[in-house]
Student: 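I have a structure I would like to understand better, so I am pasting it below and will then ask my questions one at a time.
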Amino acid sequence: MQEGRKGVPSLLSSQGECIASNITQLIGWTPLIELKNIAKNDGIAARLVGKIEPYQPLSSVKDRSALRLIEDAEERGLISPGTTTLAGVTSGNLGIGVAFVASQKGYKFIAVMPAKLSMDKQILLRYLGVEVILVDPALNGFKGLLDRVEQLKKDIENVFVIDQFTNPANPDAHFRWTGPEIWKDTAGKVDIFVAASGSGGTVTGVGRYLKMKNPSIKLICVEPAESAVISGGEPAFHNIQGIGPGFIPEILDRSQIDEVVTVTTQEAMDMARRLAREEGLLVGISSGANAVAAREENKGKMIVTMFSSGGERYLNSELFAQVKEECININKSF
């Protein structure tokens, strides 16, 4: 099998039956799509290309990280199905990825999440059988979430922490799979790669692979303007779920980043809505942020970015607030 062709292509390349042995076999390759309408409407003379990660089994780029984090721990003999309890801090998407991989492999999973955020993801995690522990984000911020995980390690035997912010297996997933996919599917023509940083796994892993293949490729990191920590600002609240945790993750390799672009929550949401209405792409808020970072001065270049998760995962967020209210009001008349 070709480098980076994990997932559906592994079935199509086989002889005889094309039936996945389990859902984890479907994690991997996703298609690229060119945003011709957005480019035309904005007068951008570059080729804007998005990688559609909602094609993952549970609709998020974090499915990749979840699989690699668990497989790496198994390879090192750190966890065992039926014995080890997995635990981790998540804003939702990584937790959902861990949940279905853990379910398939036979692990119990406990997710620690900030309260009052990501209601859709809380619902999905509970539906997948995950024990969800909520922590008030106003109390000690991200440290409060980590403290709760540490308490779990004291209270429960055989707990292994899935730590996407410090574990090198996270960017390794993207060095092994995502980066090679982009290089192969663009025929090596990618000039610029744009990705927002949450844990830092995608931008680090993909950037490392692409620069290994062509050192002149430009790597742009995106972060929330309201909490521009990588740019030297102070952490603050924002509404671009899944990115900008308020600190610089240990696995984020800043040495290979050529430019950091800040995007406001409003800009990200406006672009996510435009992607739906102009391109027919139903994607999340951080995908909108990634698309905003593609700009006119990159004329003639191929810019590849990540559409990290599907839009349905944000139905109860501000992204859908207006249309949700409209639908509620319309139905009141019946």
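The residues of the chain are indexed from 1 along the displayed sequence. Below, each value reflects all heavy atoms present in this structure, side chains not excepted, and no hydrogens, waters or symmetry copies. Since the model is a prediction, treat every value here as computed from it, not as a measurement.
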Student: Quick one: does Asp258's side chain have a donor or acceptor within less than 3.5 Å of a partner on Ile220's backbone?
Tutor: no
Student: I'd like a table of donor-acceptor pairs (distance under 3.5 Å, sequence neighbours excluded) in which one partner is a side-chain atom from residues 76-86, with atom names and distances.
Tutor:
{"from": "Arg76", "atom 1": "NE", "to": "Asp72", "atom 2": "OD2", "distance (Å)": "3.0"}
{"from": "Arg76", "atom 1": "NH2", "to": "Asp72", "atom 2": "OD2", "distance (Å)": "3.0"}
{"from": "Thr84", "atom 1": "OG1", "to": "Ser80", "atom 2": "N", "distance (Å)": "2.9"}
{"from": "Thr84", "atom 1": "OG1", "to": "Ser80", "atom 2": "O", "distance (Å)": "3.4"}

Student: Is the shortest distance from a Lys or Arg side-chain nitrogen in Glu150 or Lys143 to a carboxylate oxygen in the other one below 4.0 Å?
Tutor: no
Student: Is it true that a side-chain atom of Lys121 and a backbone atom of Ile96 form a donor plus acceptor pair closer than 3.5 Å?
Tutor: no
Student: Can you list everything that forms a side chain to side chain contact (heavy atoms under 4.5 Å, CB included) with Ile38? Sequence neighbours excluded, please.
Tutor: Leu35, Asp42, Leu48, Met271, Arg274, Leu275, Glu278, Glu279
Student: Salt-bridged, Glu131 to Lys108, with N to O below 4.0 Å?
Tutor: yes
Student: Using distance alone, with no hydrogens and no angle criterion, decide if Asn298 and Lys218 have a side-chain donor and acceptor under 3.5 Å apart.
Tutor: no
Student: Evaluate the criterion side chain to side chain donor-acceptor pair (under 3.5 Å) for residue pair Lys62 and Gln56; output intermediate values, then yes/no.
Tutor: CA-CA 9 Å; Lys62 294 293 188 178; Gln56 297 296 348; over 6 Å; no
Student: Going by distance alone, is a donor N or O of one side chain under 3.5 Å from an acceptor N or O of the other, for Glu74 and Tyr107?
Tutor: yes
Student: Checking Ser216 now: which residues fulfil side chain to side chain donor-acceptor pair (under 3.5 Å) with it, not counting sequence neighbours?
Tutor: Asn214
Student: Backbone N or O of Leu219 within a donor-acceptor pair of the Gln256 side chain at under 3.5 Å?
Tutor: no
Student: Is it true that the side chains of Glu325 and Gln322 contain a donor and an acceptor less than 3.5 Å apart?
Tutor: no
Student: Against Tyr209, only a single residue in Trp177, Phe193, Trp183, Phe175 fulfils ring pair (Phe, Tyr, Trp, His ring centres under 6.0 Å); can you say which?
Tutor: Phe175
Student: Tell me whether Asp172 is salt-bridged to Arg68, with the criterion being a basic N under 4.0 Å from an acidic carboxylate O.
Tutor: yes
Student: Consider only side-chain N and O atoms of Thr166 and Asp163, and report whether a donor and an acceptor are under 3.5 Å apart.
Tutor: yes
Student: Quick one: does Thr204's side chain have a donor or acceptor within less than 3.5 Å of a partner on Gly201's backbone?
Tutor: no
Student: Just grab all the side chain to side chain donor-acceptor pair (under 3.5 Å) pairs involving residues 301-310, residues at least two apart or on different chains.
Tutor: Ser309-Tyr314
Student: When you look at Glu223 and Ser231, which way does the side chain to side chain donor-acceptor pair (under 3.5 Å) test go after all the steps?
Tutor: CA-CA 8 Å; Glu223 67 173 340; Ser231 301; 2.6 Å; yes
Student: With respect to Met113, which candidate in Val89, Leu125, Val130 satisfies the side chain to side chain contact (heavy atoms under 4.5 Å, CB included) definition?
Tutor: Leu125
Student: Not counting sequence neighbours, which residues clear side chain to side chain donor-acceptor pair (under 3.5 Å) with Thr265? List them please.
Tutor: Glu226
Student: Hey, what do you get for CD1 (Ile285) to CG (Asn239), rounding to the nearest 0.5 Å?
Tutor: 6.0 Å
Student: Is a side-chain donor or acceptor of Thr262 paired with a backbone partner of Ala225 at a separation under 3.5 angstrom?
Tutor: no
Student: Scan residues 231-280 for pairs that pass ring pair (Phe, Tyr, Trp, His ring centres under 6.0 Å), counting only residues two or more places apart or in two chains.
Tutor: Phe142-Phe247, Phe165-Phe247
